Amino acid sequence: ETGVTQSPTHLIKTRGQQVTLRCSSQSGHNTVSWYQQALGQGPQFIFQYYREEENGRGNFPPRFSGLQFPNYSSELNVNALELDDSALYLCASSLGQGNTEAFFGQGTRLTVV
Amino acid sequence: GNSVTQMEGPVTLSEEAFLTINCTYTATGYPSLFWYVQYPGEGLQLLLKATKADDKGSNKGFEATYRKETTSFHLEKGSVQVSDSAVYFCALSDGAAQGGGNKLTFGTGTQLKVEL
């Protein structure tokens with residue numbers, strides 16, 4: 001059973017650019033959630049995908065978008081990067097339908113300069 | 001909306017000391033409550049959880065009891081070890097509506113440092 005893997009681990013982008021972060025969910029999991037963790041803060045919910053459809057969104061602007069593929073892996077896209085987008089982006093996978101445990105990846109550290 | 005408030009750190013303790021990290025929450029309905037731990041350079045790991053009032057979650061010597069009357073979920077451990085040094089996050093879930101999984105609201109985290 002493989003865990004949740006995210007790529008890349010670190011990334012530096014320039015303000016205004018676009019970025020795509022990737023997440024492979026744990027085997028058998030059909031739900032992926034994305035979180036943004038600013039330095040010294042707790043993770044903030046961005047959105048969740050369940051069986052390839054968006055299933056809830058936090059308080060993030062539309063330039064944060066996502067996708068889930070038939071194999072349940074997922075992408076987070078951020079357009080028009082701003083300096084405040086610098087953070088650790090965490091992906092969590094779970095098996096939907098109830099209060100099941102969410103398994104987190106190690107995250108992607110994004111730095112916007 | 002939902003929110004979680006936890007005590008600020010860092011908390012510095014000597015090995016074998018008693019640990020309490022306070023956590024209170026605001027939520028509508030009946031959330032599930034969680035403690036996650038983040039070791040340096042790693043992702044979040046679920047430490048324990050409780051899904052209804054008066055439930056006690058426990059794992060690796062850590063315990064927390066879901067207190068609906070005080071809207072609290074304080075984390076305790078009787079005797080901490082150096083290896084417990086990490087950042088601890090209290091979180092709640094509004095439950096899985098219409099399928100999907102937990103959507104978590106986290107506190108800001110409390111850093112624990114345990115010294116010999």
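Within every chain, numbering begins at 1; the chains are lettered A, B, ... in the order of the sequence lines, protein sequences first and strands thereafter. Given the structure is predicted, the values throughout are model-derived calculations rather than measurements. What's counted below: heavy atoms across the whole structure, side chains too, no hydrogens, waters or symmetry copies.
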Point to revise | Short side-chain to backbone donor-acceptor contact, A:Tyr35 and B:Phe106, under 3.5 Å | key: no
Check your understanding: NZ/B:Lys103 to CD/A:Gln48 distance, rounded to the nearest 0.5 angstrom?
Key -> 4.5 Å
Point to revise | A:Leu83, CG: over 12 other non-hydrogen atoms inside 6.0 angstrom | key: yes
Practice item. Report yes or no: do A:Val32 and B:Leu46 belong to one cluster of Ile/Leu/Val/Met/Phe/Trp/Tyr joined by side chain heavy-atom distances under 4.5 Å? Key: no
Exercise for review: Say whether B:Leu92 and B:Val37 are linked into one hydrophobic cluster, either directly or through other cluster members, by side-chain heavy-atom distances under 4.5 angstrom.
Suggested key: yes
Point to revise | Non-hydrogen atoms of A:Gln37 and B:Phe89 that approach each other most closely | key: NE2-CZ, 3.2 Å
**Study point:** With sequence neighbours excluded, residues passing side chain to side chain donor-acceptor pair (under 3.5 Å) with A:Gln44
**Key:** none
Practice item. Can you tell which part of B:Gln45 gets under 4.5 Å to a heavy atom of chain A, answering side chain, backbone, both or neither? Key: neither
Study note, to complete from the structure: Contact list (residues 17-26 of chain B to chain A, heavy-atom gap under 4.5 Å, by number) returns none
Practice item. Could you tell me whether A:Glu53 atom CD has more than 12 heavy atoms of other residues or ligands within 6.0 Å of it? Key: no
Revision key, fill the gap. Between B:Gln38 and A:Leu88, the two heavy atoms sitting closest are NE2-CD2, 4.0 Å
Practice item. Sorted by first residue and then second, give each side chain to side chain donor-acceptor pair (under 3.5 Å) pair with at least one member in residues 60-74 of chain A; sequence neighbours left out. Key: A:Trp34-A:Ser74, A:Arg63-A:Glu82, A:Arg63-A:Asp85, A:Asn71-A:Ser73
Review point. When you look at CD of A:Gln17, are more than 12 heavy atoms from neighbouring residues, nucleotides or ligands closer to it than 6.0 Å?
Key: yes
**Study point:** B:Lys52 atom NZ: more than 12 heavy-atom contacts under 6.0 Å
**Key:** no
Exercise for review: Would you mind listing every side chain to side chain donor-acceptor pair (under 3.5 Å) that reaches into residues 107-116 of chain B, with sequence neighbours excluded?
Suggested key: B:Gln6-B:Thr110
**Study point:** Side chain to side chain, A:Phe104 and B:Leu104, heavy atoms closer than 4.5 Å
**Key:** yes
Review point. Which is it for B:Leu44 and A:Phe103 under the side chain to side chain contact (heavy atoms under 4.5 Å, CB included) test, yes or no, and what are the steps along the way?
Key: CA-CA 8 Å; B:Leu44 296 172; A:Phe103 291 82; over 6 Å; no
